[in-house]
Engineer: 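If you scroll down you'll find the structure; I have some questions about it.
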Amino acid sequence: MAAVDAGWTVIGVDNFEAKVAQINSGSSPVEDIADAQLQAAIAKGAYKATTDFSKITHASVITICVPTPLDDNREPDISLLRSAVISIAPFVSNEALVISESTSYPGTMREVIIPIVESHKPRDSVTIYFASAPERIDPGNKLWNQKNTPRLVGGINHESQVKAIAFYESICDAAISVSTPEVAEAAKLLENTFRLVNIALVNEFTQLCSASGINVHEVIEAAASKPYGFMPFRPGVGVGGHCIPVDPLYLTWWARQNGRTAAFVESADSINHEMPKYVAQRALAIVDAKVSNPKVLILGVAYKPGISDVRETPASELRNQLKAQGADVAWHDPLVSEWEGSKPVALDWECDVVILAINQPGIHVEKFIAKGIQILDCTNSMKGHAGVTSL
Ligand SMILES: NC(=O)c1ccc[n+]([C@@H]2O[C@H](COP(=O)([O-])OP(=O)(O)OC[C@H]3O[C@@H](n4cnc5c(N)ncnc54)[C@H](O)[C@@H]3O)[C@@H](O)[C@H]2O)c1
């Protein structure tokens, strides 16, 4: 949509037929894109989705942005990226620019994408340009969006860089040149690893403070009064979504491939993974010890407030941990209608303790307070209320 706004004619190619049909019917599958905006783009002929990769023949710029998850061993799974590139390659025209926006380890453009395109491209496509420009979107963020978030661009050579910068300058307020695709790829991993390790630090600090009866939130506020050299992060149930818990493991894997160990990042990852267990223990400690099968309601199961996305949500491990510790667990989230094969319960579900996991809009905890139900608040949004324990 940013490219449509900039005057480009855009074709969205996806191998998921139902999503293509949904988009072409004018229904946006992306929460930050309104149906009206999508419908207007389709109506003026500026946008169309298709499953037909041969339409790529018409493209002067091809941006790849397919998922780059982890496999069962929690290592990079770039199979979707490989298959997307294989599907694209036979239709890349001469002088086209191929950009990868998918998050991946340094070397993905040079060692994976370029060799596939070069070996499968049409014979008369003599010159192809390549660049990495990792996606930086933050779903649900009302302030920072595709247009006003600066974009890193690393071309494989000077011509690629000039073309890629021109493209991103047309759709973003600022495009920032870096010297190679590897710098852009590594910068993306650093950005998200920075968040992971700082969240882990504050999660560990929370456990230390709690054990000593110190309110960690007051500590964070106090430290944040320092005008330089400190950035506040907040504790929580863990990290979720398809970026922060995933991308740093591309970094740890890449380190191992180079004979190194990213010990600090691995430690941060395991601290965050332990948080749901800690939160479960804290919640059950609130319940009267005589209750043998405590009923626990998790409020908010999306991975962050304001969205319905439950990918990698730490609420999943929280539920497992609560069950493993003998609890009867239910959940409610105004934005999520089904989660891991289960349905939400109504807010009048009788429970012994409520865990406010994320501060999802539309959740009204006051009802539970009025009923005298204890709440473990992992969001620090209910401080000062009777019956509320902060994480
Ligand atoms: N969405 C974000 O918030 C965000 C933010 C920063 C970076 N990223 C990165 O962007 C990339 C894409 O993430 P996403 O959340 O947009 O993914 P997504 O899950 O929304 O998937 C994007 C689309 O790719 C399609 N797809 C998968 N394999 C395909 C193939 N072989 N050919 C054609 N289409 C295919 C899927 O059907 C889907 O519609 C990832 O590398 C992610 O790390 C995403």
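This one's a predicted model, so the numbers in the text were calculated from it and none came from an experiment. Note that ligands are numbered from 1 as they come in the structure, with each ligand's atoms numbered from 1 the same way.
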Engineer: Under 4.0 Å from any heavy atom of Phe16, which atoms of ligand 1 are there?
Structural biologist: 37 (O)
Engineer: Whether Arg74 and Asp269 form a salt bridge (side-chain N of Lys/Arg under 4.0 Å from carboxylate O of Asp/Glu) is what I want to check.
Structural biologist: yes
Engineer: At a 4.0 Å threshold, what atoms of ligand 1 neighbour a non-hydrogen atom of Leu80?
Structural biologist: 28 (N), 31 (N)
Engineer: For atom 2 (C) of ligand 1, which of the options His242, Arg311, Glu135 provides the nearest non-hydrogen atom?
Structural biologist: His242
Engineer: Among Asp247, Thr68, Asp32, which one has a heavy atom closest to atom 41 (O) of ligand 1?
Structural biologist: Thr68
Engineer: Say whether, by atom type as modelled, one donor and one acceptor occur between the side chain of Asp377 and the main chain of Ser381 under 3.5 angstrom.
Structural biologist: yes
Engineer: I'd like to check which ligand 1 atoms, numbered from 1 as shown, lie under 4.0 Å from a non-hydrogen atom of Lys188.
Structural biologist: 6 (C), 7 (C)
Engineer: Quick check on the hydrophobic clustering: are Met275 and Val197 connected, directly or via other members, by side-chain heavy-atom contacts under 4.5 Å?
Structural biologist: no
Engineer: What is the nearest protein non-hydrogen atom to atom 5 (C) of ligand 1, stated with its residue, atom name and distance?
Structural biologist: Ile137 O, 3.2 Å
Engineer: Evaluate Glu101 for polar contact with ligand 1, using N/O atom pairs at a separation under 3.5 Å.
Structural biologist: no
Engineer: Run the contact test for Pro139 against ligand 1 with a 4.0 Å cut-off on heavy atoms, strictly below, and give the result.
Structural biologist: yes
Engineer: Which protein non-hydrogen atom lies closest to atom 31 (N) of ligand 1, naming both residue and atom, and how far is it?
Structural biologist: Ser83 OG, 2.9 Å
Engineer: Taking the side chain as every heavy atom from C-beta outward, state whether Asp333 and Trp339 have any atom pair closer than 4.5 Å.
Structural biologist: no
Engineer: Minimum distance, heavy atoms only, to atom 23 (C) of ligand 1: which one of Asp14, Val13, Ile307, Ile244 is it?
Structural biologist: Asp14
Engineer: List every atom of ligand 1 that sits less than 4.0 Å from any heavy atom of Ala84, numbering the atoms from 1 in the order shown and giving each element.
Structural biologist: 30 (C), 31 (N), 32 (N)
Engineer: With a 4.0 Å heavy-atom cut-off (strictly under), which part of Ser104 contacts ligand 1: side chain, backbone, both or neither?
Structural biologist: neither
Engineer: Run the numbers for me: atoms of ligand 1, each under 4.0 Å from some heavy atom of Lys19, listed by number.
Structural biologist: 38 (C), 39 (O)
Engineer: Hey, which atoms in ligand 1 end up nearer than 4.0 Å to a heavy atom of Cys65?
Structural biologist: 10 (O), 11 (C), 12 (C), 22 (C)
Engineer: Tell me which part of Phe53 gets within contact of ligand 1: side chain, backbone, both or neither, using heavy atoms under 4.0 Å.
Structural biologist: side chain
Engineer: I'd like to know if Lys295 pairs up with Glu350 as an ion pair, taking the criterion as any Lys NZ or Arg NE/NH1/NH2 lying under 4.0 Å from an Asp or Glu carboxylate oxygen.
Structural biologist: no
Engineer: Under a single-linkage definition using a 4.5 Å side-chain heavy-atom cutoff for Ile, Leu, Val, Met, Phe, Trp and Tyr, are Leu190 and Leu249 assigned to the same hydrophobic cluster?
Structural biologist: no
Engineer: Quick one: nearest non-hydrogen protein atom to atom 24 (O) of ligand 1, plus distance?
Structural biologist: Pro67 CD, 3.6 Å
Engineer: Which ligand 1 atoms, with their elements, are less than 4.0 angstrom from a heavy-atom of Ser102?
Structural biologist: 41 (O)
Engineer: So how far is it from His385 NE2 to Phe368 CZ, rounded to the nearest 0.5 Å?
Structural biologist: 14.0 Å
Engineer: Pull out every atom of ligand 1 sitting under 4.0 Å from any heavy atom of Thr103, numbered as shown with elements.
Structural biologist: 7 (C), 9 (C), 41 (O), 42 (C), 43 (O)
Engineer: Between Glu101 and Arg151, is there a side-chain N and carboxylate O pair less than 4.0 Å apart?
Structural biologist: yes
Engineer: Would a 4.5 Å heavy-atom cut-off, applied to side chains only, mark Phe205 and Phe233 as touching?
Structural biologist: no
Engineer: Which of these passes side chain to side chain contact (heavy atoms under 4.5 Å, CB included) with Thr51: Val20, Asn15, Asp14, Val13?
Structural biologist: Val20
Engineer: Should the pair Phe167 and Trp8 be assigned to parallel (<30°), tilted (30 to 60°) or perpendicular (>60°) ring geometry?
Structural biologist: perpendicular
Engineer: May I ask which of Val66, Asn15, Thr51 has a heavy atom nearer to atom 11 (C) of ligand 1 than the others do?
Structural biologist: Val66
Engineer: Does the pair Arg110/Glu118 count as a salt bridge with the N-to-O cut at 4.0 Å?
Structural biologist: no
